Amino acid sequence: MVSALTHTHKREAQLAVTLGALAMKNPLTVASGTFAAGREYAELWRETLKQGAIEQQEFSQEILDTKDKPLSLLGAVTTKGVSLKPWPGNPGVRVAETASGLLNSIGLQNPGVEAFCSGDLLWLASQEVPVIVNVSGHAANEYHAVIARLEQESTPSAYELNISCPNVDCGNMSFGTNPRDAERVTRVCREATVRPLIVKLTPNVTDITEIARACEAGGADALSLINTVAGMAIDVRGRKPVFDRVVAGLSGPAIKPIALYAVHRVSGAVSLPLIGMGGIATAEDVVEFLLAGATAVAVGTQNFRDPLAIPRLLKDLKVWCHTQGVTDIHELIGGLR
Ligand SMILES: Cc1cc2nc3c(=O)[nH]c(=O)nc-3n(C[C@H](O)[C@H](O)[C@H](O)COP(=O)(O)O)c2cc1C
C-alpha cells in the first residue's frame, strides 16, 4: 500500500482545508495541552528521521522534506492553554490511566502570556507552521486581555478559547456550560481580534448544540470539540478520590464515540467549520470525524502513547485516500450517507 502511494506521489489527495481565514495544508492539528508548543516532538521527529530509526519508506516524501522544521508537516500547531498571569496548576496527582483513556487534572498550568510570548511563541515563529494559541481565563475580561497581548505578536494565526476545562475552579467550564456566558465571552474576544476565533466546547452539558449556537451568535469563526469528559477515580486502599479536586478530565479512545456524536450533532446545528477531537488514534478515526462533519481534526492523548502518531497518521491518511479513490479531502467532510 505504501509503495503504491510512493510511486504515484503526484496523485496524492488534495488535503488542504480552511477554517474561516485559517488555511491549513492538511486537516491535522494537535489537541491543546497534549503537545506543549511542540519543541520536544519536533526534536524527536527530526532525530528519528535523521537516524533512519524508522524505515523512511513508512513516511511519505513530504514528511521527509520537512527535515529541520518537522512541525510544518502539521496543518497547524495548537498550543497549551495560555492565561494572563502564570497559573501553578493543581496539587496532587495529575494523571491516571483508565482502561481505555487518561484522566488528567493538570489545572492549566502555564507561565502566563508574557513568558509565553518571549518563549514558546518566539520559537514557534521559526517553525513555518500556523499557530493556534489556546486561551484560558477566569473571566471574560481576562480572555480579552490575553488576546490583546497576543495581538501585538505576528505569530498567532488563530485563537482557540478554552471555555470547557473541567479541572479548574472558576471560569473555563462554567462559561462553556451556560449559553449566555458562552456567547458573552465569545463576543468580548471577538472585539479584541479579527484573527480567526475558535471556541472549544465541553461535552459536559445536556445540549451541546445550544452552546454551539450561542458561540456562533457571539461571532466565533469555528468551533472545536470536544474537551475532556468529567470523571473521577478512587484509591480503594485509601478510600479516597485519586485527584485532590475529585473531578478530572477523561480523554483518549474511551471518549471517541461521545466526541463523534457531538461533532455530528453540532455540524447539523451551526454553519461554522468544526475541529473534531476525542480519542483519535488512527487514520480511520480521522475519516470518521470528517464524515461526521469536522473540517479539521486534533490528535491529543495518542501523542502520549505514540510520539510519532502525527507523522504516521498523515502517511496513513494519504494511503487511505489513495486506496479509497479519494482525490480531495472535501469529498469526506460531512460526507455521512
Ligand atoms: C494532559 C492534558 C492537558 C490538556 N490541556 C488542555 C488545555 O490546556 N486547553 C484545552 O483547551 N484542552 C486541554 N486538554 C484537552 C484536549 O485538548 C482534548 O480536547 C481532549 O484531550 C480530547 O482529545 P484526545 O482524546 O485526543 O486527547 C488537555 C488534555 C489532556 C489529556
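Order of appearance sets the numbers: ligands from 1, and atoms from 1 within every ligand. Positions are given from 1, in the same order as the sequence printed here. Owing to the predicted nature of the structure, the values given are computational and were not obtained by experimental measurement.
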Atoms in ligand 1 flagged as close to [X], the criterion being non-hydrogen separation under 4.0 Å:
X	answer
G81	8 (O)
A31	16 (C), 17 (O), 18 (C)
M277	18 (C), 19 (O)
G279	24 (P), 25 (O), 26 (O)
T228	20 (C), 21 (O)
N227	10 (C), 11 (O), 12 (N), 15 (C), 19 (O)

Exercise. Output yes when R213 and E216 qualify as a salt bridge under the 4.0 Å nitrogen-oxygen rule, no when they do not.
Key: no
Self-check item: Identified side-chain hydrogen bond (donor to acceptor under 3.5 Å, both in side chains) partner of N227 from the options T202, N204, N162
Solution: N162
May I ask you to check whether [X] has an N/O atom sitting below 3.5 Å from an N/O atom of ligand 1?
X	result
K80	yes
I255	no
N162	yes
N134	yes
I226	yes
K200	yes

Self-check item: Per atom 21 (O) of ligand 1, closest listed option by heavy atom (P203, S251, S32, G176)
Solution: S251
Quiz prompt | With K80 via salt bridge (Lys or Arg N to Asp or Glu O under 4.0 Å) - residues at least two apart | solution = none
Practice problem: Check if V95 has a non-hydrogen atom at a distance under 4.0 Å from any atom of ligand 1. | Solution: no
Quiz item: Does anything in residues 90-105 pair up under salt bridge (charged side-chain N to carboxylate O under 4.0 Å, His left out), and if so which pairs, sequence neighbours excluded?
Solution: none
Practice problem: Record the part of N104 in heavy-atom contact with ligand 1 below 4.0 Å; permitted values are side chain, backbone, both and neither. | Solution: side chain
Practice problem: Give a yes or no on whether F304 atom CZ has more than 12 heavy-atom contacts from other residues, nucleotides or ligands under 6.0 Å away. | Solution: yes
Self-check item: Spacing of OG1 belonging to T79 relative to CZ belonging to F116, to within rounding of 0.5 Å
Solution: 4.0 Å
Exercise. Please name the residue in the list I132, I198, L150, V82 that meets the side chain to side chain contact (heavy atoms under 4.5 Å, CB included) test with Y159.
Key: L150
Quiz item: With side chains defined as the heavy atoms from C-beta onward, is the minimum distance between T29 and I275 less than 4.5 Å?
Solution: yes
Quiz item: Can you tell if the side chain of L74 reaches within under 4.5 Å of the side chain of V30, non-hydrogen atoms only?
Solution: yes
Quiz item: Parallel, tilted or perpendicular for W45 and F35, by the 30°/60° rule?
Solution: tilted
